[in-house]
Every structure is written in structure tokens, then in C-alpha cells.
Amino acid sequence: MRTKQNYGGLDVFRLLAAILVIAIHTSPLISISMDGDFFFTRILARVAVPFFFMVTGQFVITKFFLSKESAKDELLSYLKKVCILYGIAILIYIPIGIYAGHYQKLSLYDIVRIFLFDGTFYHLWYFPASLIGTTLIYVLSRFMSLQKITIIAGLLYCIGLLGDSYFGFIQNAPVIGSIYNWAFQIFSYTRNGLFMAPIFLLLGTWMSKIKWRFKKNTLVIGVTITFLGMTAEGFLLHSMNVQRHDSMYLMLIPTMVFLYQLLMRCNPIKLPGARLLSTWVYVLHPAMIVVTRIMSKSLNLSKLLVENSMIHFLVVVVLSLLSSFILVMVIGYSNKKQFLRGRAWIELNRNALVKNVKFLQSQLPKDCILMPAVKANAYGHGAVIISKELNAIGVRAFCVASVTEGVALRKSGVKGAILILGYTHPKQFYLLWRYHLLQTVVDYEYAVILNQYGKKLHVHLGVDTGMHRLGERSENIDRLCMIFEMPNLVIDGMFTHLSAADCMEPKDQIFTKRQVDNFYQLVESLRDIGYTIPKLHLQSSYGVLNYPQIGNDYARVGIALYGMLSTKEDTESWADSLSPVLSLKARVASVRKLYPNESAGYGMAFIAEREMIIATITIGYADGLPRSLSNGAGEVLINGKRAPIIGRICMDLAMIDVSRISHVKEGDTVVIIGKCENEVISAAQLAEQTGTITNEILSRLGDRLDRVMQ
Ligand SMILES: *Cc1c(COP(=O)(O)O)cnc(C)c1O
């Protein structure tokens with residue numbers, strides 16, 4: 001499981017790599033030394049593009065191997081992004097290409113070749129190469145291991161080498177030479193999506209898997225030695241005059257491996273904007289070369305700005321950075337982040353969430369994966385924000401209560417399996433089908449209706465082993481068999497729900513054991529009859545914590561994932577392993593004095609006995625602050641101190657007594673759930689005060705609250 005890390009080194013190098021690409025296309029040293037230029041642009045700068053492929057490998061290709069179910073989604077969303085970028089680049093460069101006379105007498109065949117391999121402008125080959133490379137790996141990953149694909153990619157690279165830096169050796173060989181010459185009519189170079197991209201994409205994936213324990217110094221030595229080797233290789237091939245092109249070297253591979261490991265280890269500065277900036281520098285720099293030429297011609301400065309290669313390079317770098325920066329600012333401005341802490345909001349602690357996921361996963365058998373319950377807006381936390389975060393750390397299955405919850409997740413791009421635990425009306429079956437949602441079969445009669453829909457629906461079969469809420473009774477084997485026989489139901493899973501797993505009294509343990517036995521007996525009977533057993537699951541949070549060993553394919557964890565349990569007592573006894581993800585905060589709207597005998601709020605429910613200072617805060621029962629905490633029953637935290645709630649909690653506001661807290665002013669932050677200096681109020685505590693369970697407090701937190709991950 002990957003946690004979000006800062007790879008500052010990669011970010012910084014992204015920009016450097018983009019500048020190296022500019023060097024390749026402007027040859028800064030050419031007016032000083034030919035050898036210097038060869039070294040700089042044909043050897044050193046050749047690390048740039050492989051580096052970009054490796055980044056894609058680390059962050060995109062890796063996901064193809066995490067989960068088969070979501071790999072296709074990952075591929076498609078990556079392809080979409082690249083296609084959009086490629087499309088924009090094509091639009092920018094077609095006029096320039098026409099101006100430069102690139103596209104004269106093109107046949108249909110030329111057009112296909114240009115779009116698929118060469119790119120519509122000289123640097124744009126990178127985009128089709130990314131598209132072809134990732135798609136190729138995706139297809140192979142359907143039936144091959146990462147190791148095998150890497151070997152194939154290595155072989156492809158060798159074939160590519162022979163058409164690139166090593167071409168001279170085979171150029172005149174009888175059969176091979178002519179094969180290559182024929183191939184060069186399909187693509188102008190072998191440095192493309194077939195022969196060059198795959199190996200570096202895969203190396204990027206390997207980088208996310210293996211973390212060398214070498215010291216930084218060792219890595220520096222490694223880069224130096226391999227790069228010297230690559231330099232020697234380059235000059236040798238150059239002097240032998242065998243290079244047809246100079247993008248691919250043998251030593252480029254070990255050089256990149258050491259370099260990348262080193263960059264992953266360095267964290268000089270955070271440069272979150274570097275990704276976008278480097279992409280645009282890559283896309284825009286040839287246009288800036290044209291701009292520089294036109295500009296210097298019209299200013300009569302060609303001698304200085306074009307013929308002096310170093311100055312030319314610097315001008316292009318500055319113009320490219322500048323134009324990209326402006327573009328990134330414009331894009332950023334148009335989707336400027338909203339301020340999310342204005343009135344009342346929820347802060348989500350990413351580290352706590354990751355920690356809880358890891359802990360729960362560690363409790364389960366190895367093959368059992370988490371299927372977090374993100375119903376009821378992820379127990380108030382925010383279903384989309386939580387599910388996307390879980391997606392990012394490799395979680396690939398979710399469960400929700402209703403079809404609309406499932407659709408909302410899909411529409412915001414959540415990937416993986418989404419199981420609807422509850423009832424879906426037949427008029428909404430089309431949504432199941434359209435959004436690839438898994439429906440629970442709540443009993444035999446419902447299965448019949450689902451089957452009548454006509455299109456194949458993917459379902460999980462609910463089994464009632466004793467809770468008597470939903471699911472076909474486990475003893476009704478014949479009815480369960482009939483469900484298995486229904487032609488339009490694809491049964492991906494089968495599950496039951498334990499109704500007493502939260503309590504470890506002997507009677508509860510006996511009851512739970514009976515439920516588990518009923519479930520597995522049913523599984524055995526179905527197996528004996530000859531049905532293929534689908535994925536199985538039966539634990540929710542308490543099931544995982546109290547009965548970890550019964551884990552099967554999935555565990556449907558809800559409350560524990562959010563770092564709490566239903567009661568205060570349980571929450572406290574698991575506090576070492578589970579950390580609360582959510583804090584609830586609001587603002588002070590107004591501070592005022594209240595004189596003796598004055599009342600505050602509706603119904604004169606509070607009357608001041610002495611002069612006091614009260615503050616009105618921007619949260620009310622519509623946001624989920626239980627109204628039963630009115631009149632001193634509840635407290636909030638402000639400036640590290642406890643302030644009692646006074647009067648009746650209103651729909652949107654509440655009032656607190658801050659007489660004993662100094663310097664309270666408009667705009668101050670108030671903590672309703674969470675920490676404030678040394679004081680804490682937990683959701684479990686609120687639940688206990690209001691006579692309910694944590695789950696209810698959380699799931700009632702309103703839609704109106706902003707939700708921020710941090
Ligand atoms: C809500 C729910 C869960 C998750 O329960 P937690 O106790 O919050 O972990 C699991 N299974 C079903 C059927 C549910 O309805």
C-alpha cells in the first residue's frame with residue numbers, strides 16, 4: 001500500500017528534465033564545441049525523456065498491477081488525460097507545422113504514421129509513445145506477470161537500440177538490415193511507444209516496489225559510474241559513425257535506475273507546481289523557438305539571439321518557463337481553490353486514515369481486503385473525499401447503502417467495486433447497469449425481480465444467518481440454488497452480517513459462532529452441489545476486531561476505519577491502534593456582554609445570573625450538533641479551554657459562555673469535535689452524552705459542512 005509521499009527530488013528534476021529537452025532542440029554549446037554539444041545534448045540530456053516515462057510508470061503503471069478490477073479504469077483515465085494534452089498540442093503546432101512547410105503531400109498513410117509514432121511536431125512523439133507504451137503494458141498485464149513483461153520490454157528495447165545508436169552494425173546485414181529499413185517507413189525512429197517507452201515505464205513501476213537501502217553516497221557513485229559508462233558508449237559509437245539516431249544507449253538503463261533512486265531519496269524543496277509546469281515547458285518550447293526566431297529577425301538581433309547558441313538556448317528557456325508559468329497560473333486561476341473553513345467545517349486527518357487502514361488490514365488474513373463502508377456520506381466524513389483518498393492508497397472496493405450514493409461516487413471518479421448493501425427500486429436498476437454498481441440480493445423474491453430486468457446485473461447475494469434484516473435465509477438452500485441458476489444475475493459475492501459481534505459476552509459469542517457456522521455450512525453445501533463459490537465476506541468493524549480469523553475475501557469496515565468505535569468505552573480501548581480521522585470546527589460569529597437577568601436564545605431558556613461574556617458560534621443542529629446538548633449539557637473548545645453551550649441550540653447557530661476565556665473574538669475557531677491544545681472532545685463522548693452511538697453522531701453531520709483533507 002502506497003502512502004502519499006513527497007518526492008521533492010522528482011519534482012525538481014521534472015523541471016530540469018524539461019530544460020534538458022530544450023537543450024536537445026537548441027544545442028546550446030554548438031557554437032563553442034562540437035564535442036561539448038554532443039556530450040550535452042546527445043548523451044546527458046538523453047536522461048530526460050526516460051525520466052518522464054519512469055514517473056508515469058511509478059504513478060500510473062503501478063496501479064495496473066494493484067488490482068485487476070480497476071486497472072482498466074486507471075488506463076482509460078490516463079489515456080484520456082494524455083489524449084487531451086496531445087490534442088491541445090496538435091492544435092498549437094499544426095499552424096506552425098504548416099508555416100514551416102512540414103505537411104506537404106501527405107498521404108493517409110503518412111497521417112496515421114505521424115499521429116501514432118512521429119507526432120505532429122518533432123517533440124510530440126512523446127505523447128503517442130506514452131499512449132502506446134501504457135496500452136501495451138496494460139494488455140500484457142492481463143495475462144503476464146510484471147517480471148515477464150519487463151523481459152519483453154527489455155527485448156523490445158534491444159531491438160530499438162539496433163535501429164538507433166547501434167544501427168551501423170546491422171545496417172548492411174542481409175535480412176535484418178532490410179527489415180529495419182522497411183520498418184523505418186512505418187516509423188521514422190525506433191525511439192517510440194513500442195521499443196523505448198515500455199522498459200522505462202516498467203522501470204518506474206519497479207522503483208515504487210523496490211526501495212534500495214543503499215546510502216545516498218552509494219547511489220551518487222552508482223549514477224556517476226553508469227553515466228561515465230554511457231558517455232564512453234556514446235562517444236565510441238559516435239566515433240565509429242554507427243549512430244542513426246542517439247536516443248537509446250545500453251548504459252542508459254542502469255544510469256536511469258540509479259538516478260531515479262537517488263532522486264526519490266532527495267527532498268530538496270517541495271515544488272507541487274513542477275509537474276504541470278514541466279509538462280507545459282515540454283509542450284510549448286518548440287513554439288518558443290519559433291517565437292525567438294521571428295522576434296530576433298524583426299528586431300534585427302539574429303546574430304545575438306539565434307546565432308549565439310548559448311544565448312539562444314537561454315532565451316528559449318526563459319520564454320518557455322514564462323509562457324508555461326502564465327498558462328499554469330491562468331489554469332490555476334480558473335479553478336481556484338475555495339476557502340473551506342469559513343463557517344463550519346470538518347477537517348480530515350489523512351495520516352490517521354492511512355494508519356487505520358493499515359492497522360485493520362494487518363488484523364486480517366493476507367488475502368482479505370478492505371471494502372470500506374462509505375455509506376451515509378462516509379459516516380459524515382464526506383464519501384467522495386474519503387473514497388478518493390482510499391483509492392489513492394490502493395483501496396479498490398467500497399460499500400454504500402443506496403444506489404444514489406453509488407452513482408455519486410462513480411460520477412466523481414471513484415474506482416473499484418461499489419456494493420450497494422440496501423434495497424434498490426426496480427425503476428433504478430438502469431443505474432446499477434450504467435454505473436457498474438453491485439447490488440445486494442436482499443432475498444429470493446428480489447432476485448426474481450432483478451433477474452427480470454433483462455440485462456446482466458452483477459450482484460452480491462445477501463444471506464440471513466440470524467440478524468433477520470436482509471438476505472435470503474441460509475437454510476433455504478433450494479431457493480439459494482435457484483438464485484444461482486438465474487441467467488441474468490452474475491453473482492460476484494456472497495455475504496452475511498453479524499448482529500452481535502460487538503459484544504464478547506458468552507451468549508453473544510455463541511450467537512456469532514452460530515452465524516459464522518451457518519454461513520460456511522451454506523458455502524460448503526453450494527460447493528458440493530457444484531456452484532462456483534463467489535467472493536465471501538461477513539465482517540464489519542467489530543467483526544474484524546473481535547473475530548479477525550474469520551476474514552475471507554472482503555471485510556466491510558465502517559466505523560473503525562474512521563478511527564472510532566460505537567461506544568466511548570470501545571473507542572478508548574482501541575485508541576492505541578485507531579486514530580480519529582475527523583474534527584468538527586466552526587467560527588465565532590459575534591461576542592457580546594450579557595447583563596444579569598437577561599436571557600439568551602429561543603424561549604428564554606437561559607438567563608444570566610451575573611454579567612457574562614457570550615459568543616455566538618456558526619454551527620447548529622442542522623449541521624449535526626445534537627440539540628440535546630443545549631443548556632449546558634454540552635461544551636466546545638476555544639483557545640484550549642472548555643466553553644459550555646448556553647441556551648437552546650438553533651438550526652444554524654449556538655451560543656457559548658466565554659466569560660472565563662480571555663481574548664475571544666469574531667472569527668476565532670471553535671472545536672466541537674477534536675483537539676484544541678490539551679483539551680479533547682471526542683465523537684464518542686458526544687454520543688455518550690446524548691444517549692446514542694458514535695455512528696449516529698457522525699452520520700448526522702450535515703451536508704452544509706465543508707470538508708477538508710489535511
Ligand atoms: C454499515 C454496514 C457495515 C459497516 O459497519 P461498521 O460497524 O461501521 O463497520 C457492514 N456491513 C453492513 C451490511 C452494513 O450495513
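Order of listing sets the numbers, starting from 1, for every ligand and every atom in it. A quick note: this is a predicted structure, and the numbers were derived from the prediction, not measured. Basis for what follows: all heavy atoms, side chains included, without hydrogens, waters or symmetry-related copies.
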How close does the nearest protein non-hydrogen atom get to atom 8 (O) of ligand 1, and which residue and atom is it?
Tyr379 OH, 2.5 Å

Could you work out, for atom 10 (C) of ligand 1, the closest of Arg556, Met564, Met467 by heavy-atom distance?
Arg556

Could you find the nearest protein heavy atom to atom 14 (C) of ligand 1 and give me its residue, atom name and distance?
Lys375 NZ, 2.9 Å

Report the nearest protein non-hydrogen atom to atom 9 (O) of ligand 1: residue, atom name, distance rounded to 0.1 Å.
Ser541 OG, 2.5 Å

Are side-chain N/O atoms of His537 and Arg556 paired as donor and acceptor at under 3.5 Å?
yes

Using the ring of each side chain (for Trp, its six-membered ring), is Tyr138 parallel, tilted or perpendicular to Phe64, with breaks at 30° and 60°?
perpendicular

Proximity flag Arg469 to ligand 1, non-hydrogen atoms under 4.0 Å:
yes

Between Thr692 and Thr690, does any side-chain donor sit less than 3.5 Å from a side-chain acceptor?
no

If you measure only the distance, is there a donor-acceptor pair under 3.5 Å linking the side chains of Tyr520 and Asn552?
yes

Would you mind telling me if ligand 1 is within reach of the side chain of Ile559, the backbone, both or neither, using heavy atoms under 4.0 Å?
both

Given Phe484 and Met494, is the side-chain contact (heavy atoms from CB on, under 4.5 Å) satisfied, shown in steps?
CA-CA 11 Å; Phe484 269 85; Met494 186 162 93; 4.3 Å; yes

Nearest protein heavy atom with distance in Å, relative to atom 12 (C) of ligand 1:
His497 CE1, 3.4 Å

Relative to the heavy atoms of Val557, which atoms of ligand 1 are at a distance of less than 4.0 Å?
9 (O)

Can you find a side-chain donor-acceptor pair between Glu485 and Tyr531 that sits under 3.5 Å?
yes

Identify, by atom number and element, the atoms of ligand 1 in contact range of Gly558, meaning under 4.0 Å from any of its heavy atoms.
4 (C), 6 (P), 8 (O), 9 (O)

Would you say Arg350's side chain and Leu348's backbone share a donor-acceptor pair under 3.5 angstrom?
no

